[in-house]
Amino acid sequence: MRVSLEQAIAELKKGEVVAIPTETVYGLAADATNDDALKKIFTIKQRPADHPLIVHIGDIDQVDYWVTAFPDIAVKLAKAFWPGALTLVLPAKQHVSRVVRGGESTVALRVPNHPVTLALLKQSGLSVAAPSANLFTQLSPTTASHVEAGLGEAIPVLDGGACNIGIESTIVSVAANGQWQLLRPGMISEEDIAKIANIKPANVAAQTTPKAPGQHALHYSPRTSLILFKDKPALIKESELLIQAGLTCAALLIGDGDAPNCAVVRLPNQPDKVAELLYGTLHSLDAMRVDRLLVELPPSAPAWSAILDRLNRAGHR
Ligand code: AMP
Ligand code: MG
């Protein structure tokens, strides 16, 4: 059910959930200070309670309300990348809901870069927790129609068009002592973060910064089983074997080159473009109801690391 900005604000203030657009993916939002509202997110998504939620705030000035420490490095990162696709995990104040923290001592914060959701946050004065608006482990939604297809027509959706980043935010935790760690890759790369932070990430083994709960091996998955290939010849060979065995397939290819004898979507050899179109393409390939989806992996280069992360999880069997 599509709703207006005013209706979305009214629903959120009543303690209801609303799907909202962001530049990364659509989020299933609820008032981040209302435990009953937050619990509805977990129920609708069928998400385990120990997976914390990202709190979306309208402005960097609101960080202090949530955290006990906003180290200089985190301030620099927020100033460099907000509004934008960077989530900062920081030490939480006592009053921050345990539901939103998933039981952690930290809270994840982001100012999203989407005009409709920024207007919602500013006009309402709310902060909203908003994980992706899909069922746990399934493909993330990048349009209002994806949300309705995944969660049903009864979910109120604020339509803000297609998401232009297209994959989930980069998550960085910053400890009170300023040590930082990449918890989830995104289109803002670890190199971009290191340049602004001006120090290297903490040694993961030292565990001075928190882990990221909820980074499941199986995630971001279409219903059709998905097989990953390092190049086109390997993918084409598999398609021939499948067709010989009487099975149907469809393929996602990156860049120019030979194609298999089945339905093919070809994305340009550009990380930003592939990120923007990735989930939409997987949603449409999934809707073809073939026996197997065959996906060509991009090169193992840093610019592709977030896309490789999502594809490797989607392809995990
Ligand atoms: P989603 O909102 O579904 O894209 O995923 C949110 C992810 O953010 C979680 O699965 C965690 O990996 C990470 N996250 C959120 N809050 C925290 C936190 N307080 N500490 C560590 N990781 C967090
Ligand atoms: Mg998600």
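Heavy atoms only: backbone and side chains are in, while hydrogens, waters and symmetry mates are out. By convention here, the first residue in the shown sequence is residue 1. For ligands, and for the atoms within them, numbers begin at 1 and follow the listed sequence. In this text, all values refer to a predicted model and were calculated from it rather than measured experimentally.
- Taking a cut-off of under 4.0 Å to the non-hydrogen atoms of I171, the atoms of ligand 1 that pass are 7 (C), 8 (O), 13 (C).
- Legend: protein N/O/S atoms lying under 2.8 Å from the Mg ion (ligand 2), waters omitted, number 1.
- Close approach of ligand 1 to R184 is summarised as follows: ligand atoms under 4.0 Å from at least one heavy atom of the residue are 1 (P), 4 (O), 5 (O).
- For the atom pair T117 OG1 and K122 NZ, the distance stands at 12.0 Å (nearest 0.5 Å).
- Within 6.0 Å of CG on D256 lie no more than 12 heavy atoms contributed by other residues, nucleotides or ligands.
- A 6.0 Å sphere centred on NZ of K273 holds no more than 12 heavy atoms belonging to other residues, nucleotides or ligands.
- Atom CG of D72 is surrounded by 12 or fewer heavy atoms from other residues, nucleotides or ligands within 6.0 Å.
- Considering E168, H146, H283 as possible partners of S140, the one that fulfils the side-chain hydrogen bond (donor to acceptor under 3.5 Å, both in side chains) test is E168.
- Comparing R47, H51, K45, E104 by heavy-atom distance to atom 3 (O) of ligand 1, the nearest is R47.
- The backbone N or O of I60 sits nowhere less than 3.5 Å from a side-chain atom of K79 that would complete a donor-acceptor pair.
- The distance from atom CG of L126 to atom CG of L121, rounded to the nearest 0.5 Å, is 7.5 Å.
- Under a 4.0 Å criterion applied to the non-hydrogen atoms of P131, ligand 1 contributes the atoms 2 (O), 3 (O).
- Atoms of ligand 1 lying under 4.0 Å from any heavy atom of T106, numbered from 1 in the order shown and given with element: 18 (C), 19 (N), 20 (N).
- Which parts of ligand 1 touch V89 is read off a 4.0 Å heavy-atom cut-off, strictly below it: atoms 18 (C), 20 (N), 21 (C).
- Using modelled atom types, no side-chain atom of Y279 and backbone atom of T143 make a donor-acceptor pair closer than 3.5 Å.
- Neither side chain, S169 nor T24, offers a donor N or O lying under 3.5 Å from an acceptor on the other.
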